[in-house]
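Just below is one structure, and these are the notes that go with it.
From a predicted model like this one, the values you see are computed outputs, not experimental measurements. Every heavy atom of this structure was used, including side-chain atoms; hydrogens, water molecules and symmetry mates were not.
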Amino acid sequence: MEPILELKHINYAYHSLEGETKALTDISFSVSPGEFVAIVGPSGCGKSTLLSIICGLIEAEDGQVKLNGDALRKSSTNIGYMLQHDHLFEWRTVYHNVLLGLEIRHMLSARSREYAHELLQLYGLKQFENAKPSELSGGMRQRAALIRTLVLDPDILLLDEPFSALDYQTRLSVCDDIGQILRNAHKTAVLVTHDLSEAVSLADRVVVLTARPASIAKIIPITFELETDTPMHRRNAPEFKHYFNIIWKELNTNG
């Protein structure tokens, strides 16, 4: 199966009047269709920078990013990006917040509007369509932000610490919720997170980065023998501690 995403020998540095600060060194990995990959590493190592390169917000100094076999700039692959904060606009209803990306991309149609209603129904926000964001809990706001991304039908979803603004209990619940949504929708996803438990509970593979300038310390496949493989069930499985300790050791060896 051809990878949906390939990174080959990516290098990147920040430049300022004080000089050059290397951020990423020789980053190479691929992501298969339907796969969930988590990226972890020490604070400030360049995890979010890597996501920005994947989606084309910034350009790598060296190396290649390919989407479905095509160079990033030539690819028609649809990328969805979910940020740390939900960025819902208070002057718009939940439904009209969900439509925002469609409006910006000039993709609003009778079918896309209907699809937005279907997603709100499917993920438990139908009764809040006409509510303002301030009327929603933190977890519901993040679900609305995810629906706003999913309604664009992205081929690959980039998640930049999407649960970090939530309190711990809500974070666990929303992580489980969104993890199941993405798996049930067979979405390809790349998650950046500081939370090792989050990475183990969600991912098929975990890419461990070293301290800046970040390189790949190790890529760890994650498999659980579970009848129902959900983030919450993984946290309670015996394999969970094993994977957590492997990643923790890698970070402390290379951090």
- prompt: Do other residues, nucleotides or ligands put more than 12 heavy atoms under 6.0 Å from K22 NZ?
  reply: no
message: To the nearest 0.5 Å, what is the distance between NE2 on H96 and CG on N130?
response: 8.5 Å
message: Looking at E161 and K47, is any side-chain nitrogen of the basic one under 4.0 Å from a carboxylate oxygen of the acidic one?
response: no
message: Would the distance check show the side chain of S173 and the main-chain N or O of Q169 forming a donor-acceptor pair, the cut-off being under 3.5 Å?
response: no
message: Between T188 (side chain only) and P33 (backbone N and O only), is there a donor and an acceptor less than 3.5 Å apart?
response: no
- request: Taking atom types as modelled, find out whether Q180 and T230 have a side-chain donor-acceptor pair closer than 3.5 angstrom.
  value: no
query: Is N245 reaching over with its side chain to a backbone N or O of K241, donor-acceptor style, under 3.5 angstrom?
result: yes
query: With a cut-off of 6.0 Å (strictly less than), are more than 12 heavy atoms of other residues, nucleotides or ligands near CD of E225?
result: no
task: Looking only at non-hydrogen atoms, find the nearest pair between F128 and M140 and report the distance.
output: CE1-CE, 3.2 Å
task: Assess whether salt bridge (Lys or Arg N to Asp or Glu O under 4.0 Å) is satisfied between E135 and K132, documenting all intermediate values.
output: CA-CA 6 Å; E135 299 174 59; K132 293 295 176 67; over 6 Å; no
- prompt: Of L209, V208, T210, D26, which is the lone residue that meets side chain to side chain contact (heavy atoms under 4.5 Å, CB included) with I216?
  reply: L209
- prompt: Within the distance-only criterion (no hydrogens, no angle test), does the side chain of E35 pair as donor or acceptor with the backbone N or O of D204 below 3.5 angstrom?
  reply: no
- prompt: Could you state the interatomic distance from OG (S197) to CZ (R171), rounded to the nearest 0.5 Å?
  reply: 9.5 Å
- prompt: How about E239: does its CD atom have over 12 heavy atoms from other parts shown lying under 6.0 Å from it?
  reply: yes
Donor-acceptor list for residues 36-43 side chains, cut-off 3.5 Å, not counting sequence neighbours:
| unit_1 | atom_1 | unit_2 | atom_2 | d |
| --- | --- | --- | --- | --- |
| S43 | OG | H194 | NE2 | 3.2 |

- prompt: Partners of F244 by ring-ring contact (aromatic ring centres under 6.0 Å, His included), sequence neighbours excluded?
  reply: none
message: For the backbone of P133 and the side chain of R141, can you confirm whether one donor and one acceptor N or O come within less than 3.5 Å of each other?
response: yes
- prompt: Side chains of D155 and T77: do they bring a donor and an acceptor to under 3.5 Å?
  reply: no
- request: May I ask you to check whether Y115 and S109 show a side-chain donor-acceptor distance below 3.5 Å?
  value: no
task: Nearest 0.5 Å please: distance from the CZ atom of F29 over to the CZ atom of R205.
output: 8.0 Å
- prompt: Judged by atom type as modelled, is there a donor-acceptor pair below 3.5 Å linking the side chain of N97 to the main-chain atoms of F89?
  reply: yes
message: Return the CD1 to OH distance between I58 and Y12, rounded to the nearest 0.5 Å.
response: 4.0 Å
- prompt: Quick one: do R143 and D86 make a salt bridge, cutoff under 4.0 Å?
  reply: no
query: Is the H117 ring parallel, tilted or perpendicular to the Y95 ring (thresholds 30°, 60°)?
result: parallel
field: Side-chain donor/acceptor of Y243 to backbone N/O of T223, under 3.5 Å
entry: yes
